[in-house]
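In what follows, chains are A, B, ... by sequence order, proteins preceding strands, each numbered from 1.
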Amino acid sequence: MHAYRTHTCGQLRAADVGQTVRLSGWVNRRRDHGGLIFIDLRDHYGITQCVIEPDCAAFSTVDAARSEWVLTLTGKVVARTPDTVNRDLPSGEIELRIETAAVQGQAQELPMPVFGDHDYPEETRLTYRFLDLRRERLHDNIMLRANIVTSLRRRMIEQGFTEFQTPILTASSPEGARDFLVPSRRYPGQFYALPQAPQQFKQLIMVAGFDRYFQIAPCFRDEDGRADRSPGEFYQLDLEMSFVTQDDVFAAVEPVLAGVFEEFARGKTVTKPPFIRIPFAEAMLKYGTDKPDLRNPIEIVDVSDVFARDDVEFKAFKKKTVRAIPAPGAASQPRSFFDKLNEWARGEGAPGLGYVTFEDEGGNLVGKGPIAKFIPAAAQAELVKASGIQAGDALFFAADKTERAASLAGMARTRLGRELGLIRDDEYKFCWIVDFPMYEWNEDEQKIDFSHNPFSMPQFDRDAFLALDKGDRDTILGLKAWQYDIVCNGYELSSGAIRNHDPDVMLKAFEIAGYAREETEEKFKGMLNAFRYGAPPHGGTAPGIDRIVMLLAGEENLREVTMFPMTQSAQDLLMNAPAPANPKQLKELHLRVVYPEK
RNA sequence: GGGGGCGUAGCUCAGUUGGUUAGAGUGUCGGCCUGUCACGCCGAAGGUCGCGGGUUCGAGCCCCGUCGCUCCCGCCA
């Protein structure tokens, strides 16, 4: 007989009755009836009830065992009597009658019980992650993650992509997030950087002629965390293809994502390809964000013109961008509902959130509420027409400079959707956001910045682009890029582009963003050089693995789908990182620590 | 870097207007219990009320500071 087990704890059934078997696992639960002890033995595969009576030689061993001790139990599989069958347990028709018992590992009093589905503070869960990972919810989430990754790999390989590894120790990149730096021992004062993404490598792989690349790639960015953004590191399904247009990339990615979501959606509906494409500008108008949750039926409309009318006397909205957010059925909400939203808007830095409710009076929709009296019937009729609202609905207004009005309207849309219960939670709704602006105006530094990915190809004639100069500011800020995001249920799942593979256009693109040609040459030497020896047109994208798993697991926090996450403040409480380096290490690396003052 | 929430027994939490000895559940330990599966019953131990300072006759509670976790803003090509 095997030293530890003949079966797993999830394996034994009525058909195994009579066999002598050996199980190993953790004590999930111990029930002591004095003369009779039940042990629920748990391993990765399941739970089997084991029972022992006092006349057995192993009794004292089992009697001493406590929760989470690791035991090896040997004995006969017996059928439970009909009245003691446990229907909730796959192994519930049988139990193991313990004959011998061995303790493989004891457990101290637990800082966090494994049994049960109670919530525990993040700090405890992270410090004792190995215990948390034993618990059903996290254990299942991590297995789901593994299965999703396997499925993604299979789907990519089936589409003719090849997985390549790229370096972890590489060069720092300008633009983008803060880098993690790794000091060089051999070159005093010089540093490697961890890749923010394998961006340049995958483009070099295309130049090298490999045609279709993918990788489950670790990415490192030294930025602060959020619920949907791990601090420090995360994983992407990084992919790149040669000789493709935007449509080709979409056609390659859609079946992979739709497929993997179908596979793991557990009954929820998934958008069928092709996913709809929403231009960035339209998304900002209709949804007030570039990552709209399309499960929310509310669509924002611009009503600046209505409030600009001479017969509308509401001064607060004059000469501003005014966006209207229809709130279906909200007219019947109590006054407190509107007050709460107004208070929330103030908290977001807005002057407030005006509203008009609409009711049917003799076949006409009539506006009610604090600001309705400033809007004459003709203007109200225009609001109704523009927003498509009906009797019993309300219309909220966000008024400000265009960008702020759009953003506030977007947040109000999300909030209203949630509070009015308009968002179905049994759907995964995908869309592409396309036609991102290439550049944006940096108000603080009074300069032009890359809006998103500096490696994207501008949607503009090559010669005309090369001829742009400072005087063409409006043209430059109006430029679109071959740049696209995939959004699902309000989460940005993926960002990608058709790349700029033309060294002249690339130098020009960086020059517009304020980088001297020499600087760009220096920073991107490897890639620019490669582009001068025959570069194919190419493009790709990189769906975030962690967010995909989070969505499919129905979680709202990445730590629930990450095996060993850091805290929001980027500490690893289990391994105790970061930690001071010892003097010998520092000396070898030619480093001296200068602590911040105060 | 900034704002909000939280921090009381191993764990989850309650704790009144600032007032006697800070409670409950769970876990732990001891006793009883042969069919439980959140087993049950009896009993016990267990507290730097995150930390430091202040106000007060008196602080878990009020004030100031600080630390940690978390959510958000900034940041995230």
Side-chain angles (χ1 to χ4, degrees), chain A residues 28-42 47-55 59 66-68 78 80-89 91-92 95 97 107-128 131 173-179 195-197 199-200 219-232 234 344 347-349 407 411 436 438-440 444 449-456 481 483 492 495-497 499-500 509-510 513 515 523-524 542 544 556-557 559 566-571 573 596 598:
Chain A
N28 193 56
R29 198 74 176 159
R30 173 182 178 279
R31 290 178 296 279
D32 182 356
H33 289 244
L36 186 68
I37 297 173
F38 295 99
I39 298 283
D40 289 340
L41 202 66
R42 182 197 74 238
I47 289 177
T48 299
Q49 174 168 284
C50 307
V51 61
I52 192 166
E53 294 182 23
D55 52 355
F59 187 82
R66 290 293 178 271
S67 286
E68 298 310 306
V78 299
R80 298 203 203 178
T81 60
D83 56 315
T84 60
V85 165
N86 186 346
R87 300 274 166 219
D88 297 331
L89 220 53
S91 65
E95 63 193 3
R97 197 150 291 257
Q108 302 177 6
E109 187 175 352
L110 297 164
M112 185 181 67
V114 171
F115 172 78
D117 58 0
H118 212 289
D119 279 337
Y120 297 94
E122 205 75 36
E123 201 170 351
T124 308
R125 295 182 59 196
L126 292 175
T127 306
Y128 298 94
L131 291 180
S173 62
E175 284 284 322
R178 271 186 290 271
D179 285 313
Q196 294 185 24
Q199 180 67 37
Q200 292 188 64
C219 304
F220 305 91
R221 296 177 191 176
D222 187 3
E223 297 295 347
D224 293 335
R226 287 286 186 283
D228 66 347
R229 202 173 80 202
S230 300
F234 59 96
W344 160 81
E348 295 292 335
S407 148
M411 288 188 285
F436 278 85
M438 182 84 189
Y439 298 102
E440 64 192 16
D444 296 341
D449 275 350
F450 283 113
S451 176
H452 291 84
N453 186 325
F455 302 105
S456 309
Q483 158 107 34
E492 179 193 315
S495 198
R499 317 299 174 186
N500 185 346
F510 275 84
Y515 294 86
K523 295 285 189 192
F524 301 101
E556 289 187 345
N557 193 300
R559 286 186 296 274
M566 294 200 284
T567 66
Q568 179 171 280
S569 46
Q571 284 194 299
L573 300 178
K598 199 187 86 160

Nearest whole angstrom, please: distance from the [atom2] of [N] to the [atom1] of [X].
X        : N     : atom1 : atom2 : answer
A:Arg125 : B:C11 : CZ    : C1'   : 14 Å
A:Leu41  : B:C37 : CG    : P     : 19 Å
A:Arg31  : B:C32 : CZ    : C1'   : 19 Å
A:Gln568 : B:C75 : CD    : P     : 16 Å
A:Arg29  : B:G35 : CZ    : P     : 19 Å
A:Trp344 : B:C73 : CH2   : P     : 12 Å
A:Leu110 : B:G27 : CG    : P     : 11 Å
A:Asp117 : B:U26 : CG    : P     : 16 Å

Taking the side chain of [X] as heavy atoms from C-beta outward, which of [options] is closest to it?
X        : options             : result
A:Ala177 : B:C76, B:C69, B:C71 : B:C76
A:Glu95  : B:U36, B:U12, B:A38 : B:U36
A:Arg66  : B:G35, B:C29, B:C11 : B:C29
A:Asp40  : B:U28, B:U12, B:C37 : B:C37
A:Pro54  : B:C37, B:U34, B:C72 : B:U34
A:Pro111 : B:U70, B:G10, B:C71 : B:G10
A:Tyr120 : B:C11, B:G27, B:C75 : B:C11

Please answer whether the main-chain N or O of [Y] pairs with a side-chain N or O of [X] as donor and acceptor at a distance below 3.5 Å.
X        : Y        : value
A:Asp449 : A:Ser451 : no
A:Arg66  : A:Glu109 : no
A:Arg31  : A:Phe38  : no
A:Asn28  : A:Phe115 : no
A:Ser91  : A:Ile47  : yes

Do the side-chain N or O atoms of [X] get closer than 4.0 angstrom to the phosphate oxygens (OP1, OP2) of [N]?
X        : N     : answer
A:Arg559 : B:C71 : yes
A:Thr84  : B:U36 : no
A:Ser569 : B:C69 : yes
A:Gln571 : B:C69 : yes
A:Gln196 : B:C76 : no
A:Arg80  : B:C37 : no

For nucleotides [N] and [M], find the distance between their [atom1] atoms and express it as a whole number of Å.
N     : M     : atom1 : answer
B:C37 : B:G52 : C1'   : 49 Å
B:C49 : B:G15 : C1'   : 10 Å
B:G65 : B:U26 : C1'   : 36 Å
B:C6  : B:C13 : C1'   : 13 Å
B:C32 : B:C39 : C1'   : 14 Å
B:A22 : B:G31 : C1'   : 28 Å
B:G7  : B:A14 : P     : 7 Å
B:C64 : B:G5  : P     : 13 Å

Upstream residue (5' side of RNA chain B) when A:Gly176 and A:Val85 are each assigned their closest nucleotide:
A:Val85
Dot-bracket line, read 5' to 3' along RNA chain B, where crossing pairs take [ ] and | marks a partner on another strand, Watson-Crick or G-U under 3.5 Å
(((((((..((((.....[...)))).(((((.......))))).....(((((..]....))))))))))))....
[X] to [Y] - nearest heavy-atom pair and separation:
X        : Y        : answer
A:Gly232 : A:Met566 : CA-CE, 4.2 Å
A:Leu41  : A:Cys50  : CB-SG, 4.1 Å
A:Ala177 : A:Gln196 : O-NE2, 2.7 Å

Going by modelled atom types, is there a donor-acceptor pair between the base of [N] and the side chain of [X] at under 3.5 Å?
X        : N     : value
A:Glu122 : B:G68 : no
A:Arg229 : B:C75 : yes
A:Arg97  : B:G35 : yes
A:Asp224 : B:G74 : yes
A:Arg226 : B:G74 : yes
A:Asn86  : B:C37 : yes
A:Gln49  : B:U36 : yes

How are the rings of A:Phe450 and A:Tyr439 set relative to one another: parallel (under 30°), tilted (30 to 60°) or perpendicular (over 60°)?
parallel
Base, sugar-phosphate alone, or nothing: which one does [X] contact when heavy atoms must sit under 4.0 Å apart?
X        : answer
A:Asp32  : base
A:Asp55  : nothing
A:Glu68  : nothing
A:Pro454 : base

Would you please indicate yes or no on a ring centroid separation below 6.0 angstrom for A:Phe524 and A:Phe455?
yes
Between N or O atoms, less than 3.5 Å apart, protein on one side and nucleotides 42-47 of chain B on the other: list the pairs.
none

Under the criterion of centre distance below 5.5 Å and interplanar angle below 30°, is A:His33 classified as stacked on the base of B:C39?
yes
For A:Tyr128, enumerate each residue passing the side-chain contact (heavy atoms from CB on, under 4.5 Å) test, keeping only those at least two apart in sequence or located in another chain.
A:Pro111, A:Thr124, A:Phe130, A:Leu131
Take A:Arg30 and A:Glu68 through the salt bridge (charged side-chain N to carboxylate O under 4.0 Å, His left out) test and state the conclusion after the steps.
CA-CA 10 Å; A:Arg30 173 182 178 279; A:Glu68 298 310 306; over 6 Å; no
Tell me whether A:Asp117 at atom CG has more than 12 heavy atoms from other residues, nucleotides or ligands lying less than 6.0 Å away.
no
Check against salt bridge (charged side-chain N to carboxylate O under 4.0 Å, His left out), A:Asp224 and A:Arg229
CA-CA 8 Å; A:Asp224 293 335; A:Arg229 202 173 80 202; over 6 Å; no
